[in-house]
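Predicted model only: the values in this text are computed from it and were never measured. Note on naming: letters A, B, ... go to the chains in the order of the sequence lines (proteins, then strands), and numbering restarts at 1 for each one.
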There are 2 protein chains.
Amino acid sequence: MNLTHPIIGIIGAGAVGCYYGGRLAQHGKNVHLLLRREFDRVSQNGLHVKSADGDFDLYPPALRVYHRAGDMPRCDLVIVTLKTTANEFYQPLITPLLKDDTVILTLQNGLGNEDQLAQLFGADRTLGGMAFVCINRLADGTILHSDHGLIKIGEYRGPITPRLRQIAELFNSSGLKCLAIDDLLRGRWEKLIWNIPFNGLGALLGLTTDKLVNNAHGLALVRNIMEDVLRIAASCGIIFPPEIIDEKINQTLSMGSYKTSSQVDMEHFRPIEICAIFGNAMVMGRSHGVVTPYLTMLYNQLGLVRRATLT
Amino acid sequence: MNLTHPIIGIIGAGAVGCYYGGRLAQHGKNVHLLLRREFDRVSQNGLHVKSADGDFDLYPPALRVYHRAGDMPRCDLVIVTLKTTANEFYQPLITPLLKDDTVILTLQNGLGNEDQLAQLFGADRTLGGMAFVCINRLADGTILHSDHGLIKIGEYRGPITPRLRQIAELFNSSGLKCLAIDDLLRGRWEKLIWNIPFNGLGALLGLTTDKLVNNAHGLALVRNIMEDVLRIAASCGIIFPPEIIDEKINQTLSMGSYKTSSQVDMEHFRPIEICAIFGNAMVMGRSHGVVTPYLTMLYNQLGLVRRATLT
């Protein structure tokens, strides 16, 4: 396993994968991007990133893009940025990239991704991380990185390891702030405290984040949902101080008008990450006997609207 | 007070007022309709009703329509079918129609209308009623009465009186099924059990009633909200058997695809009856210490979306 000069495969290069992959490539890392919808555009016109941390453009062959996983090299590090609605493709997309000691890092949203990866490819090589970042793809294909950007990464099971520090250093040496953490699951829940209300209400009601925190109705909804999430996390032994709700709301106020990926998905009639972001948390709460009316209502509303747009 | 051959004023002739007023006029009753948005159209082209109980058309002068309450005659019976968002106009619209013994019957949605009327004009002359009916106005102004139609009316305070029976007979002799009931408030809550989930979710999610009962997500939402409403009613001493939830859902299944007035309002960026249908019930529950997360979330979501469409 070479994590000093690793061959890095990025699986599922949506907005997040393109941004992180692009930054790594920009800083001379050996990056290979698997693209699907955007393959033609990026392979012909390059990757264009407008970023709060500095714009950049990358063109083939400096940027190595692929349309089929089978055409990619075996990697030392596979970073998974698929939408979780495509997790059923883990096996065909990741298997061709694996060596015996390849490490797999998922930066996907929500709960359950590491579990699925561990089951398919082994717990020992599974890592997870959360990207606390505002990234969208614009209509012309440009990636817009509008705010934040901290990545927190952790071992699937257990505290920080040397390899985890090496991967954090890969990001940090590429202009991407990355923190190795001892408790991945706590990080997952911390991100969900934000994602569940803002992705959920944003998608359901077609509202950017600012519209959810600049009035009493929105704040009541966000708070109620966050309280449900905190109770589920607590039932898993992960206790957050109640002040985290105000912290998350204050961070959101500072973000301006942001459209979550789920709102973008809803607008384009694409699948929303209902299971990973909402459903798995709700089921977890239910299995621990936690009553979560606000999350449950949000989950059912998203399911209902999703169904209605498909039929 | 002449309730055998009464002069009847209909205040706020939207779809419901036009339908009931039209039926009464069709059967020879002395009906005077106050119209606002539709005055020009109806006074020029008449009133056209497509009804599950038989179509009919009425033209001036057989149909007496007014644009100003001050032009209307003093009435024996005033039927109020205003949208509750216009209740602030009770005084200027109703006062010109009143004699000493005029009876006022509100067929409006939700809670609090009789209280407001009683406060302004006296509890003794206040009656209330619920129209369990599917009525919409089509784009060309035609009134579409698609299903049901039972009216239940009651005294503001107390059991059935002779005058209440006379008014019920007015409706019944005009092809409109009307039942005098002993407990108006119970009737109000019975209607809210349906209106709160179906008007609320329909408006919020842009879904007709059929889309809310033909799948598990929708049914879970409807049931959860109905359970909240039943708990508030119970805290007011009005107990419904739990089976009423299945009854209401089965009635809805038989209605086909119906668009509630609140959904229509939302589509046209018109005010939704948030206070009368949702807010007053929620506040009532809160004042009795009842926890109603689903109703509260629905209320906040409607308030949020309403706010977002206005700003």
Enquirer: Give the minimum heavy-atom separation between Y299(A) and H217(B), together with the two atoms involved.
Expert: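 Closest heavy-atom pair between Y299(A) and H217(B): CE2-CE1, 3.7 Å.
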Enquirer: Heavy-atom pairs under 4.5 Å with chain A are the metric here; pick the option from N214(B), L212(B), N224(B), I225(B) that has the most.
Expert: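 When all of N214(B), L212(B), N224(B), I225(B) are compared, N214(B) has the most.
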Enquirer: Would you mind checking which part of L302(B) comes under 4.5 Å of any heavy atom in chain A, side chain (CB onward), backbone (N, CA, C, O), both or neither?
Expert: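 Neither; nothing under 4.5 Å.
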Enquirer: Could you measure the distance from the CE atom of M297(A) to the CG atom of L201(B)? Nearest 0.5 Å is fine.
Expert: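 Going from the CE atom of M297(A) to the CG atom of L201(B) covers 5.5 Å.
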Enquirer: Tell me whether the count of non-hydrogen atoms from other residues, nucleotides or ligands lying under 6.0 Å of CD in E267(A) goes above 12.
Expert: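 Atom CD in E267(A) is packed in, count exceeds 12.
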Enquirer: Please report the interatomic distance CG(L219(B)) to CG(N300(A)), rounded to the nearest 0.5 Å.
Expert: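 One finds 10.0 Å between CG of L219(B) and CG of N300(A).
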Enquirer: I need the Q301(B) CD to L207(A) CG distance, nearest 0.5 Å.
Expert: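 Going from the CD atom of Q301(B) to the CG atom of L207(A) covers 10.0 Å.
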Enquirer: Between T296(A), N215(A), L298(A), which residue shows the highest count of heavy-atom pairs closer than 4.5 Å to chain B?
Expert: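 When all of T296(A), N215(A), L298(A) are compared, N215(A) has the most.
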Enquirer: Please check if the number of heavy atoms outside R36(B) that lie under 6.0 Å from its CZ is greater than 12.
Expert: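 Not buried by this count: 12 neighbours or fewer within 6.0 Å.
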